[in-house]
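Take a look at the structure set out below.
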Amino acid sequence: MKFLIALSLLLLKCIIVYSQNIISSPTKADSILISVYEKLNSLKNIKYDNIRELNYSSENYHNTSKWTIYSDFQTADTIVGLKYQIEDSTSKQVFNGTEKFDLDKKAKTIQLNDNPNKNSFSSLSAFYNSIITLKNVLPLITGDKTAIKVVTDTTINNKVYSLVTINIGKRRIQNLGNGFDAMTTKSNFIYKIIIEKNNYLPFEVLQKNDVNNDFIKTSFSNIETDTNAPSEMSWYYSTYANDYKPLADVSSHKLLSNGSLSPEWKLEAYNKDKTISLSDLKGKVILLDFWIKNCGLCIQSIPHLNELKNKFKDKDFEIISINSYDSKEEVNWFCNKHKTDYSVLLMGKVVAEKYGVSAFPTFFIIDKTGKIIYSKAGFNASVQTEVEQVIQKAL
């Protein structure tokens, strides 16, 4: 009898301790994340090697990229609150607080944007889930009462780190960490941040979901804080002018503007033995969607496009999705997997260039007279709302 009582008391104690751990974990997680933010926010500059691994097993896609990144936070009056130099074996990207330029080491060309805005930095691959992202987003995460945050320990190469797991639901952290994009996916976005215990510097960010095994892993190594800055001359466009040939200014690559007459095109449908041209659709409102297979935002836009097709099925409205350069077999596989319910056309690279497309997805809405009334690159909740409103008004 005494044994049973003792056992019962032991079990009750375990339950209490377990419950306390569950209740206290989010608070402890916030405490660690706040310490990471305070550490990053205290730095004058940081230099590190950044390795990003994209592994979309559901899409049969894998890619690894590596950069060396130097960020200077002492120029908080710039557009994005920092200056940077990003370099890999084939390229170098520089933002000196005023002008942004990209060097192609193989082609020996340089592309200048002397009037960048915040959108000029939103798609930088090297900043995806980066230390810069964490520096900006951690205050938002720690203040978010809807996010589920848990902290544990994890061991890597015999070294113990803090592991903070964050489930933010159907939201994705923006590239620069300035906020969240509301997503329409079935899965929740889960971030696992591995943190050094001795100095609160991030070691790794793993982005996963709760539906499949797809992930994006960003690892940070060879971190130097408050280190020597690159040479003063390395920040200036003119320094490279003798060795690199200028490309056309980025302003010449803008999307066709509203009011422009939509260029004519004629392309093959991926699943039918026929072609479709713009003139075939005269008198209809057209949503053009330029996309490629290996594009997460393109995938995320498909349910919305299917909804639009169904919502306006009795109207003079067509969705035309133009793939830029993937093979017919790849497009067929993609469309069957993701169940596209609208016309998909092949080999549209030249057409995309005519429209000024340089990122995917990019959307255009053409009115019944053939004029462009809307254009936007990227996909998020605001684009989704804008597209539907413009179509509704045009019809």
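Keep in mind that the numbers below use all heavy atoms, side chains included, and drop hydrogens, waters and symmetry copies.
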Heavy-atom check, side chain of Thr133 versus side chain of Ser130, under 4.5 Å: yes
Looking at every heavy atom in both Lys118 and Val80, which two are closest together, and how far apart are they? CG-CG1, 4.5 Å
Salt-bridged, Glu59 to Lys293, with N to O below 4.0 Å? no
State yes or no: do Trp333 and Ile299 share one hydrophobic cluster built from I, L, V, M, F, W and Y residues joined by side-chain heavy-atom distances below 4.5 Å, directly or via other members? yes
Has Lys349 got more than 12 heavy atoms of other residues, nucleotides or ligands less than 6.0 Å from its NZ? no
Side chains of residues 212-222: which donor-acceptor partners sit under 3.5 Å, not counting sequence neighbours?
residue : atom : partner : partner atom : Å
Asn212  : OD1  : Asn209  : ND2          : 2.8
Asn212  : OD1  : Asp214  : N            : 3.0
Asp214  : OD1  : Ser57   : N            : 3.0
Asp214  : OD1  : Ser57   : OG           : 3.3
Asp214  : OD1  : Ser58   : N            : 3.0
Asp214  : OD1  : Ser58   : OG           : 3.3
Asp214  : OD2  : Ser58   : OG           : 2.6
Asn222  : ND2  : Asp49   : OD2          : 2.6

Are the ring centres of Tyr374 and Phe364 closer than 6.0 Å? no
Would you check if there is a donor-acceptor pair between the side chains of Gln300 and Thr184 at a distance under 3.5 Å? no
Looking only at heavy atoms, what is the nearest atom pair of Leu261 and Gly370, with distance? CD1-O, 3.5 Å
Between Lys192 and Glu204, is there a salt bridge with N-O shorter than 4.0 Å? no
Would one find more than 12 heavy atoms of other residues, nucleotides or ligands at under 6.0 Å from atom CG of Asn60? no
To the nearest 0.5 Å, how far apart are CD1 in Ile320 and CG in Leu305? 11.5 Å
Got a sec, which residues hit salt bridge (charged side-chain N to carboxylate O under 4.0 Å, His left out) with Lys186, two or more places apart in sequence or on another chain? none
Nearest heavy-atom approach of Thr185 to Lys170 is O-CE, 3.0 Å
Compare all side-chain heavy atoms of Ile110 with those of Asp243 and state whether any distance is below 4.5 angstrom. no
Under a 3.5 Å threshold, yes or no: a donor from one side chain and an acceptor from the other, between Ser122 and Asn119? no
Using a strict cut-off of less than 4.0 Å between a Lys/Arg side-chain nitrogen and an Asp/Glu carboxylate oxygen, indicate whether Asp316 and Lys284 qualify as a salt bridge. no
Would Lys354 count as a cation-pi partner of Trp265, with NZ or CZ less than 6.0 Å from the six-membered ring centre and within 45° of the ring normal? no
Are Lys328 and Glu268 packed together at the side-chain level, in the sense that at least one heavy-atom pair is separated by less than 4.5 angstrom? yes
Linking I/L/V/M/F/W/Y whenever their side-chain heavy atoms sit closer than 4.5 Å, directly or via other members, would Phe312 and Leu288 fall into one cluster? no
State, yes or no, whether a side-chain contact exists between Val205 and Leu134 at a heavy-atom distance under 4.5 Å. yes
Hey, is NZ on Lys393 packed in by over 12 heavy atoms from elsewhere, all under 6.0 Å? no
Shortest non-hydrogen contact between Asn55 and His62, atoms and distance: ND2-CD2, 3.5 Å
Linking I/L/V/M/F/W/Y whenever their side-chain heavy atoms sit closer than 4.5 Å, directly or via other members, would Leu40 and Val164 fall into one cluster? yes
Could you go through Asn271 and Val344, starting from their C-alpha distance and side-chain angles, then the distance that decides it, and tell me whether this counts as side chain to side chain contact (heavy atoms under 4.5 Å, CB included)? CA-CA 8 Å; Asn271 60 345; Val344 178; over 6 Å; no
Once salt bridge (charged side-chain N to carboxylate O under 4.0 Å, His left out) is applied, do any residues pair with Lys315, and if so which ones, sequence neighbours excluded? none
dist Asn129:CG -> Ile193:CD1 (nearest 0.5 Å) comes out at 8.5 Å
Report yes if some heavy atom in the side chain of Phe121 is under 4.5 Å from a heavy atom in the side chain of Pro116; otherwise report no. yes
Could you verify whether a donor N or O on one side chain and an acceptor N or O on the other, from Asp210 and Asn188, lie under 3.5 Å apart? yes
Under a 4.0 Å N-O cut-off, is there an ion pair linking Lys311 with Glu388? yes
With a 4.5 Å cut-off on side-chain heavy-atom distances among I, L, V, M, F, W and Y, is there a chain of contacts connecting Leu33 to Leu43? yes
ring-ring contact (aromatic ring centres under 6.0 Å, His included) partner of Tyr84, the single match among Phe101, Tyr70, Phe127: Phe127
Taking all non-hydrogen atoms of both residues into account, name the closest pair between Leu140 and Asn136 and its distance. CG-O, 4.3 Å
Could you pull out the closest heavy-atom pair between Val285 and Lys368, with the gap in Å? CG2-CG, 3.9 Å
Pair listing, disulfide bond (SG atoms under 2.5 Å apart) test, anchored in residues 322-371, at least two apart: none
Can the ring centroids of Phe363 and Phe290 be said to lie less than 6.0 angstrom from one another? no
Taking C-beta and beyond as the side chain, do Ser65 and Trp67 meet within less than 4.5 Å on heavy atoms? yes
Would you say that more than 12 heavy atoms from the other residues, nucleotides or ligands in this model lie under 6.0 Å from the NZ of Lys83, or not? yes
Residue pair Lys135 / Phe73, side-chain heavy-atom distance below 4.5 Å: yes
Ser375 and Ser257, any side-chain heavy atoms less than 4.5 Å apart: no
How long is the gap from CG on Asn310 to CD on Glu307, to the nearest 0.5 Å? 8.5 Å
For Gln207 and Tyr128, does a side-chain donor sit closer than 3.5 Å to a side-chain acceptor? yes
Treating Ile, Leu, Val, Met, Phe, Trp and Tyr as nodes and any side-chain heavy-atom pair under 4.5 angstrom as an edge, say whether Leu278 and Leu267 lie in one connected cluster. yes
To the closest 0.5 Å, what do you measure between CG (Asn306) and OG1 (Thr340)? 7.0 Å
Take Asp30 and Lys149 through the salt bridge (charged side-chain N to carboxylate O under 4.0 Å, His left out) test and state the conclusion after the steps. CA-CA 8 Å; Asp30 282 336; Lys149 291 161 275 186; 2.9 Å; yes
Does the distance from a Lys or Arg side-chain N to an Asp or Glu carboxylate O, for Asp341 and Lys313, drop under 4.0 Å? no
Within this structure, what is the CD1-CG distance for the pair Ile391 and Asp367, rounded to the nearest 0.5 Å? 12.5 Å
For the residue pair Ser343 and Tyr270, confirm or rule out a side-chain donor-acceptor distance under 3.5 Å. no
Could Lys105 and Glu87 be called an ion pair, given the rule that one side-chain N must be under 4.0 Å from one carboxylate O? yes
Which pairs with one or both residues in residues 189-210 pass ring pair (Phe, Tyr, Trp, His ring centres under 6.0 Å), sequence neighbours excluded? Tyr161-Phe203
Are the aromatic ring centres of Phe334 and Trp291 under 6.0 angstrom apart? yes
Decide if atom NZ of Lys108 counts as having more than 12 heavy atoms of other residues, nucleotides or ligands within a radius under 6.0 Å. yes
With sequence neighbours left out, write down each residue that passes side-chain hydrogen bond (donor to acceptor under 3.5 Å, both in side chains) with Thr109, or none if nothing qualifies. none
Does a side-chain N-to-carboxylate-O contact under 4.0 Å join Lys92 and Asp102? no
Nearest-0.5 Å distance, CG of residue Asn167 to CD1 of residue Ile148: 5.0 Å
